[in-house]
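We number each residue from 1, following the sequence as shown. All figures in this text were calculated on a predicted structure; none of them were measured in a lab.
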Amino acid sequence: MSRWLVAQGDRQFSAQNLEELIQLARDGSVSRTDMIQPPGATDWLYASEIPELQAVLSTATTYNDDDLS
């Protein structure tokens, strides 16, 4: 099984495979700045650095405080 770890601040969870990770990115549960540890890796990468997520994350809508005013 190829488990992908995701870190969001103090929170950490896993996706069971790349397809689940992509779905989490599509639904907004994973953002560009979240840290991802691919299966078998010891280093963490920004989600935006993972080629399979780049297209999904570039189309995801992100909001900041300026958007809400």
Side-chain angles (χ1 to χ4, degrees):
M1 186 172 291
S2 60
R3 197 174 66 130
W4 295 72
L5 296 178
V6 180
Q8 296 174 324
D10 292 337
R11 180 175 176 244
Q12 191 177 70
F13 61 94
S14 65
Q16 296 306 309
N17 52 45
L18 181 58
E19 292 76 22
E20 181 181 356
L21 184 63
I22 291 169
Q23 186 58 47
L24 290 168
R26 280 192 185 123
D27 71 19
S29 297
V30 171
S31 71
R32 292 179 182 102
T33 58
D34 291 337
M35 301 302 294
I36 309 288
Q37 187 180 54
T42 56
D43 292 331
W44 290 83
L45 303 169
Y46 285 106
S48 62
E49 295 179 291
I50 298 179
E52 296 87 351
L53 296 181
Q54 288 175 348
V56 174
L57 293 171
S58 68
T59 60
T61 304
T62 56
Y63 298 98
N64 63 36
D65 292 338
D66 293 338
D67 293 333
L68 301 176
S69 54

- Task: Evaluate side chain to side chain contact (heavy atoms under 4.5 Å, CB included) for Ile36 paired with Val30, printing each intermediate quantity in order.
- Result: CA-CA 9 Å; Ile36 309 288; Val30 171; 4.2 Å; yes
- What's the shortest heavy-atom distance between Ser58 and Ala55, and which atoms?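 Shortest heavy-atom separation between Ser58 and Ala55 comes out as OG-O, 2.9 Å.
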- Quick one: closest heavy-atom pair of Ser14 and Arg3, and the distance?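 In terms of heavy atoms, the two residues are closest at CB-CG, 3.6 Å.
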- 4.5 Å side-chain heavy-atom contact, Trp4 and Pro38: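 Yes - at least one pair of side-chain heavy atoms lies under 4.5 Å apart.
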Expected list for residues 42-54: side-chain donor-acceptor pairs under 3.5 angstrom, two or more places apart:
from, atom 1, to, atom 2, distance (Å)
Glu49, OE1, Tyr46, N, 2.7
Gln54, NE2, Ser48, O, 3.1

- Task: Check for a donor-acceptor pair, side chain of Gln37 on one end and backbone N or O of Ala7 on the other, with a separation under 3.5 Å.
- Result: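 It does not hold such a pair.
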- Message: I'd like to check the side-chain contact (heavy atoms from CB on, under 4.5 Å) partners of Thr33; sequence neighbours left out, ordered by chain and number.
- Response: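 With neighbours one apart ignored, the set is Ser31.
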- Task: Enter the distance from Leu18:CG to Gln23:CD here, rounded to the nearest 0.5 Å.
- Result: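 Rounded to the nearest 0.5 Å, the CG-CD separation comes to 12.0 Å.
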- Message: With rounding to the nearest 0.5 angstrom, report the CD1 to CG distance, Ile22 to Leu57.
- Response: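 The CG atom of Leu57 is 10.0 Å from CD1 of Ile22, to the nearest 0.5 Å.
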- Message: Do Val6 and Met35 land in one hydrophobic cluster if side-chain heavy atoms of ILVMFWY residues count as linked below 4.5 Å?
- Response: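 Shared cluster, no.
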